[in-house]
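What follows is one structure encoded as structure tokens, with my remarks underneath.
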Amino acid sequence: MTIRVIIVDDQNMVRAGFAALLAAQSDIDIVGEAANGRQGIEVSRSTHPDVVLMDVRMPELDGLSAARALLDPPRGVVHVPKVLMLTTFDVDDYVYEALRAGASGFLLKDAPPTDLISAVRVVASGEALLAPSVTRRLIADFVKQRPAPRASLRLNGLTPRETEVLVLIARGLSNQEIAERLVLAEQTVKTHIGRVLNKLDLRDRAQAVIFAYEAGLVTPGEQ
């Protein structure tokens, strides 16, 4: 199945470079481009992409506002794409808020080409892009600046095993690593993760990581 992608970035060279790289992949089609967030929303709603590559800082409408509009659309708009934020190290707060809004992750704009291709495939498959350690560091650094978290009442609905799985997700472990740590089948881990997301009303692993930090289940710098 082909992955439909649009690229939203105000730099022509970035759009052209990303488009050429991704279009060369047999399983990826570039179905649109936009130079700002407002155009990005319009293009997304007309082309129905699977993944939107969204720059954070753009004129007219920034990527965070555009991501929120796409991920929480008005009544009557049924298509909700996956959003992958494109960013640099100096926009930590924006990255955090984008993840809270439901973005599936972020990618540094100077990442190797193979990382971009892999990121699109990972996000399209329904997973959050949380593998790079820098993601956890950005979240941890931002949470460190916030008031001390208090245990959420929503945690009461989780079983001890589900809580354990949530903690390991927040520490950045993959499904396979969680399975090895808990001596479970990988499919069982996926089942637990699905139940955690459903019970906590979370969109994906990215929001699960943030929830775990904010609820105090893990603390910045903890391994």
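Sequential numbering from 1 along the given sequence is applied to the chain's residues. Only a predicted model underlies this, so the values are computations on that prediction, with no experimental measurement involved.
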Checklist line | Crowding at CG, N156 (>12 non-hydrogen neighbours, <6.0 Å) | finding: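 Yes, CG of N156 has more than 12 neighbouring heavy atoms, counting only those of other groups under 6.0 Å.
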Nearest heavy-atom pair of [X] and [Y]: which atoms, and what distance?
X    : Y    : result
A212 : A170 : CB-CB, 3.5 Å
G32  : V43  : CA-CG1, 4.0 Å
I178 : V165 : CD1-O, 4.3 Å
A103 : M85  : CB-CG, 4.0 Å
A208 : L166 : O-CD1, 3.6 Å

Check: Do I30 and I6 pass the side-chain contact (heavy atoms from CB on, under 4.5 Å) test, and can you show the C-alpha distance, the side-chain angles, and the key distance before you say yes or no?
Finding: CA-CA 6 Å; I30 303 301; I6 69 170; over 6 Å; no
Next item on the list: For E162 and L158, indicate whether the former's side chain and the latter's backbone hold a donor-acceptor pair under 3.5 Å.
Entry: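 No; judged by distance alone, with no hydrogens or angles, the pair does not exist.
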Next item on the list: May I ask you to decide if V123's main-chain N or O and K82's side chain share a donor-acceptor pair within less than 3.5 Å?
Entry: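 Flag not set: sc K82 to bb V123 has no pair under 3.5 Å.
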Item checked: Pairs touching residues 9-23 that satisfy side chain to side chain donor-acceptor pair (under 3.5 Å), sequence neighbours left out ->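 Side chain to side chain donor-acceptor pair (under 3.5 Å) check on residues 9-23 returns D9-K109, N12-R15, R15-E33.
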Next item on the list: Give every residue pair that meets the side chain to side chain donor-acceptor pair (under 3.5 Å) criterion with at least one member in residues 43-54, sequence neighbours excluded.
Entry: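 Of all non-adjacent pairs touching residues 43-54, none passes side chain to side chain donor-acceptor pair (under 3.5 Å).
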Margin query: Show, in sequence, the C-alpha distance, side-chain angles and deciding distance for V14 and D55, and conclude whether the side-chain contact (heavy atoms from CB on, under 4.5 Å) test is met.
Written below: CA-CA 10 Å; V14 171; D55 189 21; over 6 Å; no
Margin query: Listing request: all ring-ring contact (aromatic ring centres under 6.0 Å, His included) pairs with a residue in residues 157-178, at least two apart in sequence or in separate chains.
Written below: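 Applying ring-ring contact (aromatic ring centres under 6.0 Å, His included) to every pair that reaches into residues 157-178, excluding sequence neighbours, yields nothing.
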From [X] [atom1] over to [Y] [atom2], what is the distance, rounded to the nearest 0.5 angstrom?
X    : Y    : atom1 : atom2 : result
L108 : L116 : CG    : CG    : 11.5 Å
R181 : R171 : CZ    : CZ    : 7.0 Å
L22  : I28  : CG    : CD1   : 5.0 Å
K199 : R154 : NZ    : CZ    : 13.5 Å
R57  : L86  : CZ    : CG    : 14.0 Å
D115 : D110 : CG    : CG    : 10.0 Å

[X] versus [Y]: any side-chain heavy-atom pair under 4.5 Å?
X    : Y    : value
F106 : V56  : no
E180 : Q176 : yes
L197 : F211 : no
L53  : V8   : no

Using a 3.5 Å cut-off and no angle test, enumerate the donor-acceptor pairs between side-chain atoms of residues 188-196 and protein atoms at least two apart in sequence or in another chain.
{"from": "T191", "atom 1": "OG1", "to": "Q187", "atom 2": "O", "distance (Å)": "3.1"}

Next item on the list: List in chain and number order the residues that pass side chain to side chain donor-acceptor pair (under 3.5 Å) with D27, two or more places apart in sequence or in another chain; answer none if no residue qualifies.
Entry: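 Listed in chain order: R121.
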Margin query: List the residues meeting side chain to side chain donor-acceptor pair (under 3.5 Å) with E164, not counting sequence neighbours, and say none if there are none.
Written below: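 Scan of E164 (side chain to side chain donor-acceptor pair (under 3.5 Å), adjacent residues dropped) gives R161.
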Next item on the list: Sequence neighbours left out, what passes side chain to side chain contact (heavy atoms under 4.5 Å, CB included) with A16? Give chain and number order.
Entry: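 With sequence neighbours excluded, A16 shows a side chain to side chain contact (heavy atoms under 4.5 Å, CB included) to no residue whatsoever.
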Donor-acceptor pairs are to be reported for all side-chain atoms of residues 65-80 against protein atoms at under 3.5 Å, with residues two or more places apart or in another chain.
{"from": "S65", "atom 1": "OG", "to": "D62", "atom 2": "OD1", "distance (Å)": "3.4"}
{"from": "S65", "atom 1": "OG", "to": "D62", "atom 2": "OD2", "distance (Å)": "3.2"}
{"from": "H79", "atom 1": "NE2", "to": "P49", "atom 2": "O", "distance (Å)": "2.7"}

